[in-house]
Number of protein chains: 4
Amino acid sequence: MSDKNWIQEILQEDGEGQLTPKQAQILQAAVEMFAEKGYASTSTSEIAKRAGVAEGTIFRHYKTKKELLYSIVSPMIVQFAAPLFARHFIDDVLERDHEGFEDFLRHAFRNRYNFVKENAPFLKIIIQEVAFQPEMQQRFKALFAEKLLPSVQKVVIHFQEKGELADIPPETVIRILLTNIVGMLLTRFLIMPDQDWNDDEEIERTIAFLMKGLQPSSSE
Amino acid sequence: MSDKNWIQEILQEDGEGQLTPKQAQILQAAVEMFAEKGYASTSTSEIAKRAGVAEGTIFRHYKTKKELLYSIVSPMIVQFAAPLFARHFIDDVLERDHEGFEDFLRHAFRNRYNFVKENAPFLKIIIQEVAFQPEMQQRFKALFAEKLLPSVQKVVIHFQEKGELADIPPETVIRILLTNIVGMLLTRFLIMPDQDWNDDEEIERTIAFLMKGLQPSSSE
Amino acid sequence: MSDKNWIQEILQEDGEGQLTPKQAQILQAAVEMFAEKGYASTSTSEIAKRAGVAEGTIFRHYKTKKELLYSIVSPMIVQFAAPLFARHFIDDVLERDHEGFEDFLRHAFRNRYNFVKENAPFLKIIIQEVAFQPEMQQRFKALFAEKLLPSVQKVVIHFQEKGELADIPPETVIRILLTNIVGMLLTRFLIMPDQDWNDDEEIERTIAFLMKGLQPSSSE
Amino acid sequence: MSDKNWIQEILQEDGEGQLTPKQAQILQAAVEMFAEKGYASTSTSEIAKRAGVAEGTIFRHYKTKKELLYSIVSPMIVQFAAPLFARHFIDDVLERDHEGFEDFLRHAFRNRYNFVKENAPFLKIIIQEVAFQPEMQQRFKALFAEKLLPSVQKVVIHFQEKGELADIPPETVIRILLTNIVGMLLTRFLIMPDQDWNDDEEIERTIAFLMKGLQPSSSE
DNA sequence: CATGAATGAGGATTCATTCAT
DNA sequence: CATGAATGAATCCTCATTCAT
């Protein structure tokens with residue numbers, strides 16, 4: 001299982017050193033239960049029971065239940081958006097621009113696909129909590145506005161200038177791109193995870209659709 | 001405000017006669033608070049306070065807190081999907097097929113846009129609760145599978161046969177259509193309601209994008 | 001059914017004129033439910049439902065739930081003890097003393113047997129409420145001490161003087177008599193009502209046992 | 001006070017190890033209040049207050065209020081009937097049969113007298129709750145039918161065959177014995193605890209009465 | 001560090017009682 | 001008289017949090 005992995009990854013953002021085994025158990029149990037029943041409907045005693053620790057132990061590591069939530073969600077938001085605004089990722093695209101927008105799209109799409117595939121429960125938690133906790137909303141929007149948006153915007157404008165993309169407002173292009181990527185992943189992993197999916201084909205179909213929908217009009 | 005209106009509409013689905021004033025106040029308060037803080041984090045005493053009634057009054061009308069939730073969500077799910085599977089709506093489209101797929105799309109899109117504009121809080125509640133309450137999930141999926149899917153599928157296949165739509169699996173077409181419509185509405189009304197939006201233009205841009213992305217390849 | 005009868009009887013003690021039909025329904029429902037579940041575990045709304053009246057109607061007739069209980073229990077306590085201290089009943093016995101103590105005992109026993117047979121639910125209510133409500137206890141003890149005890153004591157002493165009864169303290173004789181009569185009736189109607197009972201034989205056996213146990217020692 | 005004693009005894013039936021002090025306080029308070037006001041009329045907050053613990057503490061030890069009741073009543077029912085069906089108790093009687101039925105009766109009577117004297121409040125609780133809780137009724141009847149009845153029946157038949165007891169149906173003999181023992185104890189400890197009682201004399205009088213009432217007819 | 005008993009504020013729900021219709 | 005919607009205090013119970021061991 002790769003469960004242990006992402007829990008370790010989370011910690012690394014946490015600043016601290018290493019996770020104790022008990023801490024890892026707590027985090028894992030919390031992630032599972034928050035995803036299953038939601039934050040508000042999950043009690044710390046349930047988490048303790050599933051984690052196999054005493055209830056008090058949770059509060060030794062996380063001052064409050066909310067802090068436990070944050071310690072899960074915060075690094076995850078970063079992880080989720082991280083690669084998209086990694087400087088080298090964008091720079092690569094712009095440099096090797098002969099590869100075209102489609103390669104960028106495919107690269108980003110597949111990358112996020114793999115990520116969500118490994119971390120579906122997190123996605124559910126993030127969606128739920130960003131919906132209700134204004135603080136989370138703020139953090140999310142800040143991240144989006146300051147990091148993701150400028151990077152992607154740069155890419156979009158670049159390819160619009162190259163004539164590969166239709167002359168639609170970049171914000172709209174970005175909204176469309178995100179909507180379709182996130183929408184596909186949500187449908188795939190949260191809404192209808194039990195249906196038969198041919199993931200590769202569906203991704204390629206979505207990319208093809210996006211490329212066609214965003215290509216410049218022939219007269220342009 | 002048109003709040004009073006939709007609350008009355010909800011009841012009509014409820015089978016019963018008319019809402020008492022107190023009942024309407026309770027529903028309105030509940031909708032607001034569930035949308036703000038989520039079902040689990042909203043206490044019945046808070047609802048009572050905002051509704052200006054005694055806490056006991058809530059339980060005179062709704063045996064449990066969950067029943068109160070259902071009495072809000074159930075009719076809403078129906079309302080939300082209703083027009084899309086109204087027989088005459090689909091039939092109209094198929095008969096007046098000279099109008100083309102674009103008209104169908106525009107009609108459906110604008111119709112749902114208006115609906116969500118009036119009922120944004122409901123949308124938030126539905127999304128939240130469908131995510132966690134398996135019963136709601138079931139109800140939602142049933143509605144989708146039995147009513148919405150066949151109707152829309154008929155339309156899609158019709159236009160594919162007419163050569164107006166690309167030869168992509170109808171399920172994928174539908175997923176793409178829903179993703180883009182719902183995604184746009186969510187972004188507009190829930191995620192970034194405070195940003196400047198030129199709704200008409202954004203809808204038209206989305207439609208244009210969808211039409212282009214779904215049109216048959218030139219060689220076909 | 002004779003249900004209607006005893007309810008009317010109850011009222012006559014109540015001082016008032018006649019019971020309205022609704023009032024009778026309320027009393028009957030209350031008696032049934034108090035006997036089934038106990039006073040404290042029966043809600044006025046349940047009583048109203050079973051009686052087929054509105055909850056408010058109960059409070060139109062009985063200021064409080066407790067008053068409703070009293071209006072059932074009070075007259076019943078009187079009814080229960082009544083014949084035993086009816087002057088003429090005792091006087092008869094003393095006059096026709098040729099009939100002996102056994103006839104008195106048989107008469108009293110069968111009389112109470114018939115009464116309990118018709119009114120078993122009441123018995124349960126009385127036992128329960130006398131056990132807990134100090135006020136009821138007081139009323140019950142007063143009745144016993146002032147009315148029943150002197151009468152029966154007179155009878156017992158009379159037959160002791162005649163040499164028909166052993167020279168045991170009259171209080172003990174009375175305790176034994178009551179214990180055996182009440183004990184038999186409780187076993188018969190409350191504790192094991194479902195077992196096969198040959199009531200006539202069991203009563204006669206009990207009487208024979210009592211007579212033998214209370215007869216003077218042969219040497220006396 | 002010997003309160004501490006019986007509470008410890010209760011637990012030993014409970015299977016578990018030892019009672020925490022708080023748990024003992026809770027049990028003691030609950031016993032007192034249930035006996036005073038009845039189960040249904042006693043609130044958990046009152047119990048907590050009298051026990052000197054937080055209300056939540058009650059629910060840490062007993063999942064529900066009813067479980068608290070059962071944890072008191074169940075072992076008590078067993079305790080109450082225990083010695084009567086202890087194998088050696090019965091066997092002793094049958095072996096040393098020269099001692100006669102009167103010794104058996106005296107032994108049993110005094111044993112239960114001492115027990116009730118120490119545990120009067122329990123008796124009240126048992127009577128109340130067996131009256132209303134069908135589950136308790138079942139448990140009680142099962143215990144009686146499977147354990148107590150056969151043992152005592154064996155003794156009764158033994159002494160009937162020896163000609164020490166009248167030829168009355170054993171069930172009736174047992175009913176009479178129980179009625180008189182229980183009736184005396186109830187009168188003594190619950191109904192008229194405040195009256196002057198010369199317990200030894202009253203017990204002996206009752207035994208004498210029983211022996212005489214149950215002796216075979218002289219002609220037999 | 002880890003525990004789990006103890007806490008008490010707060011949760012949903014019930015209920016006797018009132019009162020306008 | 002009868003109704004039943006409305007009330008709010010009280011009920012049983014849950015839960016995040018603390019703290020002595």
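Each chain gets a letter, A, B and so on, in the order its sequence line appears, and its residues count up from 1.
For C:K37, the salt bridge (Lys or Arg N to Asp or Glu O under 4.0 Å) partners are C:E46, not counting sequence neighbours. Partners of C:E67 under the salt bridge (Lys or Arg N to Asp or Glu O under 4.0 Å) rule, at least two apart in sequence or in another chain, do not exist in this structure. For B:R50, the salt bridge (Lys or Arg N to Asp or Glu O under 4.0 Å) partners at least two apart in sequence or on another chain are B:E32, B:E36.
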What nitrogen or oxygen pairs link the protein and nucleotides 13-15 of chain F at under 3.5 Å?
{"from": "F:dC13", "atom 1": "OP2", "to": "D:K65", "atom 2": "N", "distance (Å)": "2.7"}

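Nearest heavy atom pair, residue C:M136 against residue C:V73, reads SD-CG1, 3.3 Å.
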Working for side chain to side chain donor-acceptor pair (under 3.5 Å), residues B:Y70 and B:E135:
CA-CA 10 Å; B:Y70 287 169; B:E135 195 186 327; 3.1 Å; yes
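Side-chain contact between D:S41 and C:F132 is absent, with no heavy atoms from C-beta onward closer than 4.5 Å. No side-chain heavy atom of C:L68 sits under 4.5 Å from any side-chain heavy atom of C:T44. Using a 4.5 Å heavy-atom threshold, the side chains of D:K66 and D:Y39 count as touching.
Nearest-nucleotide assignment on DNA chain F puts the 5′-proximal partner with C:A54, out of C:A54 and A:Y39.
Checking side-chain atoms of D:T57 against main-chain N and O of D:A54 turns up a donor-acceptor pair under 3.5 Å.
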Convert the base pairs of DNA chain E into dot-bracket notation, remembering that pairs crossing earlier ones are written with [ ] and that bases paired across to another strand are shown as |; include only Watson-Crick or G-U pairs under 3.5 Å.
.||||||||||||||||||||
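Between the side chains of A:S45 and A:E55, no donor N or O sits under 3.5 Å from an acceptor N or O.
Here the range on DNA chain E touched by chain A, meaning any atom under 4.0 Å from one of its heavy atoms, is E:dC1 to E:dG4.
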